[in-house]
2 protein chains.
Amino acid sequence: MFSKACEYGIRASIYIGQQSADQGRRVGLRDIAAEIDSPEAFTAKVLQLLVRAGLVTSVKGPTGGFELTAEQLRTVTLRQIVLAIDGGEMLQGCALGLRQCSAQQPCPLHYQFLAIRDQLNEVLRTHTVGELAGKVHDGLGFLRQFS
Amino acid sequence: MFSKACEYGIRASIYIGQQSADQGRRVGLRDIAAEIDSPEAFTAKVLQLLVRAGLVTSVKGPTGGFELTAEQLRTVTLRQIVLAIDGGEMLQGCALGLRQCSAQQPCPLHYQFLAIRDQLNEVLRTHTVGELAGKVHDGLGFLRQFS
DNA sequence: CAAATACCGGATAAATTTATCCGGTAATCA
DNA sequence: TGATTACCGGATAAATTTATCCGGTATTTG
């Protein structure tokens, strides 16, 4: 559905959000990669994208790391994360790969997938990172496999 | 959403279906690739998968080519095509990449994506290649871009 | 039977995605 | 100020996906 990069990006930002909401704790890369079970260096690349897009905040040096500001917690949606990493392909492109699929010239599944895509967009648009962080904090959601 | 291979596979099988329904016309690779605007050799690989899976029929030699039997037209669903090419990843896997995402240990978006995935499965399960071929035949759907 | 046709299947190459490495820079702290 | 910490960013490598090539085999037709 999403690329690996995007999966890591979503999980990472939710974890960062959880720690930020929890007494404003800043988290380092090593910590993040361990907690969401992702490759450290690759996760760093993905986080750089999110930082550049203004969706995550980073601080260098000792006591540095990644965090979400109160505003980021409140306003950053999953949709923004996905767009920053994967672009709009999955959110807008034709399921059958037609370059211009529209009501004028629809693929045979245009309207069926329009409905699915609408629902996907709705889910991504209406969930903030902060909200999902809360869910993880309350033990109602997980970011990696616990055996 | 789907891989390129899968996009080609779906478009190709619908086109084959359309020609088969239309006076049982068998179609060759060159023809298919031209009609759905896909790379010929790669499309051949994808079609081999579908033939091996029993979803498409092929005939060698002159006057040979690909076709869908009456039964294939009636019974083969998009879901079977997608499974044969992309496997169950998109249809079953966790959107956030967790190896075992379930009600026992759900990702923070488990139930939201469950709904989306259900709808996707439903669309793929309830549409046969033959039905979509009819839609294309009636000019209600297209398999490539016509400028 | 011989020639032509068209799918089959293995090998190979190009492109993209995923993943790693390492020196550079900014920030903290003693 | 000097040492350490931790993100930044470019280069590189591995893995996967996408795409191509070409000889092999089955089938039709003359």
Side-chain angles (χ1 to χ4, degrees), chain A residues 1-13 15-16 19-20 25-34 36-68 82 84-87 89-90 93 96-97, chain B residues 1-13 15-16 19-20 25-34 36-68 82 84-87 89-90 93 96-97:
Chain A
M1 184 139 221
F2 303 118
S3 67
K4 285 284 174 198
C6 198
E7 292 176 359
Y8 300 152
I10 295 174
R11 303 218 302 272
S13 52
Y15 174 67
I16 295 168
Q19 296 299 310
S20 290
R25 220 167 8 208
R26 216 173 262 160
V27 286
L29 201 50
R30 189 186 333 262
D31 195 1
I32 296 170
I36 71 171
D37 188 27
S38 69
E40 197 173 313
F42 190 56
T43 306
K45 292 292 184 206
V46 177
L47 283 174
Q48 281 180 46
L49 283 180
L50 298 181
V51 169
R52 265 180 243 153
L55 307 177
V56 169
T57 302
S58 71
V59 179
K60 285 186 176 180
T63 79
F66 297 90
E67 66 182 354
L68 293 191
V82 170
I85 301 173
D86 277 355
E89 187 70 11
M90 154 74 61
L96 266 49
Chain B
M1 186 139 222
F2 303 119
S3 67
K4 285 283 173 197
C6 198
E7 291 176 359
Y8 298 152
I10 294 173
R11 302 219 301 272
S13 52
Y15 174 67
I16 295 167
Q19 296 300 310
S20 289
R25 220 168 5 208
R26 215 173 264 163
V27 285
L29 201 48
R30 189 186 334 263
D31 194 1
I32 296 170
I36 70 171
D37 189 27
S38 68
E40 196 173 314
F42 190 58
T43 305
K45 292 292 184 204
V46 177
L47 283 174
Q48 280 180 46
L49 283 180
L50 298 181
V51 168
R52 265 180 241 154
L55 306 178
V56 168
T57 302
S58 71
V59 179
K60 285 185 176 180
T63 78
F66 297 89
E67 66 183 354
L68 293 190
V82 171
I85 301 173
D86 276 355
E89 188 69 11
M90 154 75 61
L96 265 50

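Please read these numbers as outputs of a predicted model, since none were measured by experiment. Proteins come first, then strands; the chains are lettered A, B, ... in the order of their sequence lines, and each starts at number 1.
Listed by chain and number, the residues in a side chain to side chain donor-acceptor pair (under 3.5 Å) with A:Ser38 are A:Thr43 (sequence neighbours excluded). Judged as a side chain to side chain donor-acceptor pair (under 3.5 Å), and not counting sequence neighbours, the contacts of A:Thr57 are A:Gln72. The side chain to side chain contact (heavy atoms under 4.5 Å, CB included) test applied to B:Glu89 returns no partner, not counting sequence neighbours. Taking A:Tyr15 as the reference, nothing meets the ring-ring contact (aromatic ring centres under 6.0 Å, His included) condition, with sequence neighbours excluded. For B:Ala34, there are no side chain to side chain contact (heavy atoms under 4.5 Å, CB included) partners two or more places apart in sequence or in a different chain. Annotation: side chain to side chain donor-acceptor pair (under 3.5 Å) contacts of A:Gln48 (sequence neighbours excluded): A:Arg52. By the salt bridge (Lys or Arg N to Asp or Glu O under 4.0 Å) test, B:Arg25 is found to be paired with B:Asp22, residues two or more places apart in sequence or in another chain being considered.
Residue contacts shown for B:Leu47 are absent, as no nucleic acid heavy atom lies under 4.0 Å away.
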Name the atoms and distances for all side-chain donor-acceptor pairs under 3.5 Å in residues 3-12 of chain A, with sequence neighbours left out.
unit_1: A:Ser3; atom_1: OG; unit_2: A:Cys6; atom_2: N; d: 3.1
unit_1: A:Ser3; atom_1: OG; unit_2: A:Asp86; atom_2: OD1; d: 2.6
unit_1: A:Ser3; atom_1: OG; unit_2: A:Asp86; atom_2: OD2; d: 3.4
unit_1: A:Arg11; atom_1: NE; unit_2: A:Ile36; atom_2: O; d: 3.3
unit_1: A:Arg11; atom_1: NE; unit_2: A:Leu143; atom_2: O; d: 2.9
unit_1: A:Arg11; atom_1: NH1; unit_2: B:Leu96; atom_2: O; d: 2.5
unit_1: A:Arg11; atom_1: NH2; unit_2: A:Ile36; atom_2: O; d: 2.6
unit_1: A:Arg11; atom_1: NH2; unit_2: A:Asp37; atom_2: O; d: 3.4

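Shown for residues 1-10 of chain B: no residue has heavy atoms falling under 4.0 angstrom of DNA chain C.
A donor-acceptor pair under 3.5 Å links the side-chain atoms of B:Arg26 to the main chain of B:Thr63, judged by distance alone.
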What are the atom names and distances for every N/O pair under 3.5 Å that joins the protein to nucleotides 9-12 of chain C?
unit_1: C:dG9; atom_1: N7; unit_2: B:Gln48; atom_2: NE2; d: 3.1
unit_1: C:dG10; atom_1: N7; unit_2: B:Lys45; atom_2: NZ; d: 3.1
unit_1: C:dG10; atom_1: O6; unit_2: B:Lys45; atom_2: NZ; d: 2.5

Please tabulate the protein-to-nucleotide N/O contacts below 3.5 Å involving nucleotides 24-30 of chain C, giving atom names and distances.
unit_1: C:dA26; atom_1: O4'; unit_2: A:Lys60; atom_2: NZ; d: 3.4

